Number of protein chains: 2
Amino acid sequence: MKEKLTERQNEILNFIKDYRRENGFPPTLREIGGRFQISSTFGVKRHLNALEKKGYVVIERNASRGIRIIQHDDYFDGDTTRVGDEFFNKIPIVGRVAAGSPILAMENIEGSIIIDPTFVKKAEGAFALRVRGDSMINAGIFEGDLVIVSPDNKGKSGDVIVAMLDDEVTVKTLNVKKNKIVLLPENDNYDPITIEDKNSFSIIGKVKGVVRWLN
Amino acid sequence: MKEKLTERQNEILNFIKDYRRENGFPPTLREIGGRFQISSTFGVKRHLNALEKKGYVVIERNASRGIRIIQHDDYFDGDTTRVGDEFFNKIPIVGRVAAGSPILAMENIEGSIIIDPTFVKKAEGAFALRVRGDSMINAGIFEGDLVIVSPDNKGKSGDVIVAMLDDEVTVKTLNVKKNKIVLLPENDNYDPITIEDKNSFSIIGKVKGVVRWLN
DNA sequence: CATCATAGTGCTCAATTGTTCACTATCAAT
DNA sequence: ATTGATAGTGAACAATTGAGCACTATGATG
């Protein structure tokens with residue numbers, strides 16, 4: 001079993017994976033540093049050393065961009081299928097969530113959908129949620145749409161996120177102020193929701209995509 | 001169409017692919033030269049330049065190992081893949097369409113996307129079109145979104161369709177009146193378009209879905 | 001409080017790597 | 001016979017990139 005990563009290390013590992021998928025080769029130390037405002041290559045190098053020690057990557061000594069990513073086992077099991085160089089990706093569709101039940105509980109699953117693996121990976125634990133209500137129409141998210149949710153990413157201010165609020169699942173734009181969390185609907189008929197009781201609130205994940213089928 | 005490679009160029013391209021698959025990153029000029037007993041990096045570089053000119057790779061200037069391998073998919077046959085009992089579906093993404101060119105011309109294709117075969121089948125000749133402009137925001141279709149288009153289905157009144165109008169591709173709601181075709185934008189800032197000259201107008205297909213990726 | 005792991009700065013240095021030049025050689029096609 | 005595309009040498013140079021050191025800071029833990 002692999003050792004657990006710190007928050008920072010996990011961010012950096014994900015950046016390396018994304019970069020490599022987009023460019024076909026891994027980033028340099030300075031490119032990683034640039035992304036995270038780490039001005040010293042040494043700071044970055046130590047993160048890589050930590051990732052290597054914990055078994056997530058292998059670093060080629062003195063080689064530029066010499067980062068080998070070690071695939072997690074769970075990348076290959078379950079519903080991710082490898083065909084040649086491509087990964088096909090089947091994620092569950094969550095329909096109406098029964099109050100109090102874990103969102104991915106069997107009773108909440110209404111089916112599955114294949115999603116391009118360029119965008120979300122099964123390894124991220126992504127799932128699709130069918131949207132109820134019209135509170136996000138100004139963001140182009142309508143009743144019945146599927147939003148693709150990545151629980152690995154809890155979102156930052158301005159992101160569209162899925163949250164659990166008083167046993168209900170809701171899609172809103174996240175707005176973080178100093179000491180205050182506000183959920184913004186994207187519909188003038190609804191008011192922003194200010195989080196008063198942090199115990200009855202949690203962020204499930206960031207919305208990474210929207211899928212709609214007509215007729 | 002891609003130009004033919006020489007024997008040597010083909011060997012080198014294959015080596016780069018193999019190297020990348022084994023190591024997770026592309027080789028350096030000297031590593032390529034080492035494999036083929038080419039002592040000068042310049043000799044190797046010129047092979048890469050040739051590969052780039054012929055459209056097989058893209059070289060990142062001054063970047064170590066900066067070799068991007070361009071995938072040459074044949075979009076029009078053999079891209080439905082069977083895995084077990086499931087069919088996976090890869091359809092081309094059409095970006096900006098050059099005026100006067102057929103919409104699926106190679107120069108218009110910017111990539112491909114895997115779509116759940118439950119919704120659109122390759123057999124329908126479906127493709128994805130990247131949306132330009134904001135004329136459909138009230139229908140939840142934004143600039144940059146991908147609309148999934150089925151050319152088998154020319155749509156009926158009330159459907160969102162993709163049409164070719166005066167050498168331009170446009171997404172609108174179709175409205176058929178007796179003896180008149182009107183294209184309705186879904187944005188109050190735009191006016192409906194009444195088709196006067198049927199020669200400069202044709203329906204490409206019906207929009208069967210919308211896909212949007214955030215960040 | 002002391003200790004340890006994590007995280008970062010600013011800097012130097014060495015190694016790696018890409019770029020370019022002038023020159024040679026082969027082969028196919030004009 | 002001359003031209004053009006391909007293929008390669010050897011060297012010098014510039015740019016990128018990784019490695020390492022001394023030092024600072026924070027939070028968790030015992």
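Residue numbering restarts at 1 for every chain, and letters A, B, ... go by the order of the sequence lines. Remember, predicted model here, so these are calculated numbers, not experimental data.
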From [atom1] of [X] over to [atom2] of [N], roughly how many Å is that when rounded to an integer?
{"X": "L48(A)", "N": "dT6(C)", "atom1": "CG", "atom2": "P", "value": "14 Å"}
{"X": "L13(A)", "N": "dA7(C)", "atom1": "CG", "atom2": "C1'", "value": "17 Å"}
{"X": "L29(B)", "N": "dT16(C)", "atom1": "CG", "atom2": "P", "value": "15 Å"}
{"X": "R35(A)", "N": "dG8(C)", "atom1": "CZ", "atom2": "P", "value": "12 Å"}
{"X": "K45(B)", "N": "dT20(C)", "atom1": "NZ", "atom2": "P", "value": "7 Å"}
{"X": "K53(A)", "N": "dA7(C)", "atom1": "NZ", "atom2": "P", "value": "12 Å"}
{"X": "R61(B)", "N": "dT20(C)", "atom1": "CZ", "atom2": "C1'", "value": "12 Å"}
{"X": "R8(A)", "N": "dG8(C)", "atom1": "CZ", "atom2": "C1'", "value": "9 Å"}

Exercise for the section: Return the angle between end axes of the helix from dC1(C)-dG30(D) to dT30(C)-dA1(D), with five pairs used per end and rounding to 10°. Expected result: 30°
Fill in the blank from the handout: The residue among L13(B), I70(B), T6(B) that forms side chain to side chain contact (heavy atoms under 4.5 Å, CB included) with K54(B) is T6(B)
Completion exercise
Only one of V162(A), I93(A), I148(A) passes side chain to side chain contact (heavy atoms under 4.5 Å, CB included) with L129(A), and that residue is V162(A)
Side chains of [X] and [Y] only: does a donor on one sit below 3.5 Å from an acceptor on the other?
{"X": "T194(A)", "Y": "K180(A)", "value": "no"}
{"X": "S200(B)", "Y": "D166(B)", "value": "yes"}
{"X": "K45(A)", "Y": "N49(A)", "value": "yes"}
{"X": "E186(A)", "Y": "T173(A)", "value": "yes"}

Kindly say whether [Y] contributes a backbone atom to a donor-acceptor pair with the side chain of [X] at under 3.5 angstrom?
{"X": "E31(B)", "Y": "T28(B)", "value": "yes"}
{"X": "E143(A)", "Y": "G133(A)", "value": "yes"}
{"X": "R65(B)", "Y": "P26(B)", "value": "yes"}

Identify whether any heavy atom of [X] sits under 4.0 Å from a base atom; if not, whether one sits that close to sugar-phosphate; answer base, sugar-phosphate or nothing.
{"X": "R65(A)", "answer": "sugar-phosphate"}
{"X": "E7(A)", "answer": "nothing"}
{"X": "T41(A)", "answer": "base"}
{"X": "E60(A)", "answer": "nothing"}
{"X": "A63(A)", "answer": "sugar-phosphate"}

Handout entry: Below 4.0 Å: OP1/OP2 of dA5(C) and any side-chain N or O of T6(A)
Key = no
Exercise for the section: Indicate whether OP1 or OP2 belonging to dT6(C) is found under 4.0 Å from a side-chain N or O atom of H47(A). Expected result: no
Handout entry: Heavy-atom pair with the smallest gap, counting every atom of V94(B) and F127(B)
Key = CG2-CD1, 3.7 Å
Fill in the blank from the handout: 5'-most contact on DNA chain D (nearest-nucleotide basis), N49(A) vs R46(A), goes to N49(A)
Handout entry: Comparing S40(B) and N62(B) on DNA chain D - which has the more 5′ nearest nucleotide
Key = S40(B)
Exercise for the section: Name the first nucleotide and the last nucleotide along DNA chain D (5' to 3') that come under 4.0 Å of a heavy atom in chain B. Expected result: dT6(D) to dT17(D)
Exercise for the section: For R30(A) and for F36(A), locate the closest nucleotide of DNA chain C by heavy-atom distance; then report the residue assigned to the nucleotide nearer the 5' terminus. Expected result: F36(A)
